[in-house]
Engineer: 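Let me give you the structure first, and then I'll get to my questions.
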2 protein chains.
Amino acid sequence: MSQLDTVNRILDAAEVLFAERGFTETSLRTITSTAGVNLAAVNYHFGSKKELIQAVFERFLTPFTESLDRELNRRESQAQLQVEDLLQSLYRVALAGLAREGRDPKRFMRLLGLAYTQSQGHLRRFIVSRYGASYRRFAGQLSGVLPQVDPVTFYWRLYFMLGATIFSLSSFDAIEAILREDFGAVSSLDETLARLAPAAVAMLTAPDVGAA
Amino acid sequence: MSQLDTVNRILDAAEVLFAERGFTETSLRTITSTAGVNLAAVNYHFGSKKELIQAVFERFLTPFTESLDRELNRRESQAQLQVEDLLQSLYRVALAGLAREGRDPKRFMRLLGLAYTQSQGHLRRFIVSRYGASYRRFAGQLSGVLPQVDPVTFYWRLYFMLGATIFSLSSFDAIEAILREDFGAVSSLDETLARLAPAAVAMLTAPDVGAA
DNA sequence: TCAGCTCTTAAACAAACGTTTTAATTGATG
DNA sequence: CATCAATTAAAACGTTTGTTTAAGAGCTGA
């Protein structure tokens, strides 16, 4: 087993276990035994548990933001951008890029949700410093096609949208199971994104009654 | 210090610390020293850490759902219910009821978010079995005033709305700090709810393109 | 006043945690 | 084949965790 194997086996196991149970609830012993490597390998290759957590995020956020940036480049050269187009960029292209690599988009949404809700200050700092530029660029473009919405209202709605996305996709399997039991209707991730996109557009473009 | 004092001091400290750091990241020693009581008091009065967590949720979810139920009773007797009315019931009345008791609604949103994202299976079971009826009643009434929306689409949108609400309100202070720095605009909780309600209405009432 | 119960206290428990250490093993290079 | 650095392995480290124990204090009712 080469060094690269060990590193990737640890990342694979950590990614799944973190998404399932959270960071604090997942011990290095569980990770290494799942990965079939020695306990000390984590500290040898990554330095510490904190750095392993960051490495897990780096491995999926880097291709994610690269896909998003490429898509934003393409959109930017077009005139007449629509809100729908930008959300399609975010939802379809970027997520589909991850799925194409054989990784589960729902798992990444769960991890993103954990990054926000589990305190882990180091992780939030890491993500903001590393990927904040892409996020601000997307937000800027989206804000640009919504000139009628007050900036503060826009940013609140952006967080509403993020919350709706992260929350519903990170709990996708649980929600899907409930709906399947109650209505006998199976929902695929694609179908759910097809429902989420217009809902998000409706929220972003709603008439601005304007507080303050 | 009476027995009731000890129990309440533990609940007060646990509520704040859980909301700040999460369940696993908050030790019983931190809770008891913050509360100024002996370490063993938690196991004596609550039995275990799990049961303490449930007690914290019970203390704010019971009055919350009671307020909501009373409000739903009042609405039910009226004809011509509107989506806006029901969301107002949820946002203003129930949350305001908690605020009236001198407790912080944002903190409860943070705890609700944790209940969903931190694995803690026992907590989700506890909440569903104890408060599921009120939730289903609210969902049923809301669904009733949206007959044009396909049931499956409705339930997905309900989760979108829950995600937007829990996510943005539980991170309220962080988001508010960012917007204050970028726009110099302070947002109160009331203002944010005044933005959230119409955004949620727009999402729920959006035309149903209808998957499946 | 004293028995009897409730509650608090201090101390100890075993288990699990992240990390470090030291030695064995591997694999490439001269 | 010998050498040397990189990697793996097993064991132990000191902390911290939730929980339990056993003794003490404080109050109540007879």
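All figures in this text were calculated on a predicted structure; none of them were measured in a lab.
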Engineer: Output the rounded distance in Å from CG (A:N38) to P (D:dT8).
Structural biologist: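 Distance, rounded to whole Å: 9 Å.
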Engineer: To the nearest 0.5 angstrom, please state how far the OG atom of B:S168 sits from the CH2 atom of A:W156.
Structural biologist: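 Going from OG on B:S168 over to CH2 on A:W156, the span is 6.5 Å.
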Engineer: Rounded to the nearest 0.5 Å, how far apart are OG1 of A:T30 and CD of A:E25?
Structural biologist: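 If I round to the nearest 0.5 Å, the distance is 11.0 Å.
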Engineer: Give the ring-plane orientation class for B:F18 versus B:F23, where under 30° counts as parallel, over 60° as perpendicular and anything between as tilted.
Structural biologist: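 Correct class here is perpendicular.
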Engineer: Report the distance from atom CD of A:E25 to atom P of C:dG18, rounded to the nearest whole Å.
Structural biologist: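 Answer to the nearest Å: 11 Å.
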Engineer: Rounded to the nearest 0.5 Å, how far apart are CG of A:L61 and CZ of A:F126?
Structural biologist: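 So the gap between those two atoms works out to 7.5 Å.
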Engineer: Please state how far atom CZ in A:F46 lies from atom P in C:dT20, giving the value in whole angstrom units.
Structural biologist: 16 Å
Engineer: Run through B:F60, B:F57, B:F64 and flag the one making a side-chain contact (heavy atoms from CB on, under 4.5 Å) with B:F108.
Structural biologist: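 Among B:F60, B:F57, B:F64, the one meeting side-chain contact (heavy atoms from CB on, under 4.5 Å) with B:F108 is B:F60.
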Engineer: For D:dT8, take OP1 and OP2 only and decide whether either is under 4.0 Å from a side-chain N or O of A:H45.
Structural biologist: yes
Engineer: Is atom CD of A:E76 surrounded by more than 12 heavy atoms (other residues, nucleotides or ligands) closer than 6.0 Å?
Structural biologist: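 Counting neighbours around CD of A:E76, more than 12 heavy atoms of other residues, nucleotides or ligands fall under 6.0 Å, so yes.
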Engineer: How many whole angstroms separate atom CD1 of B:I31 from atom C1' of D:dT16?
Structural biologist: 15 Å
Engineer: Could you run down the sub-3.5 Å N/O contacts of the protein with nucleotides 18-25 of chain D?
Structural biologist:
residue	atom	partner	partner atom	Å
D:dG18	OP1	B:K49	NZ	2.6
D:dG18	OP2	B:L28	N	2.9
D:dG18	N7	B:R29	NH1	2.8
D:dG18	O6	B:R29	NH2	2.8
D:dT19	OP2	B:N43	OD1	3.3
D:dT19	OP2	B:K49	N	2.9

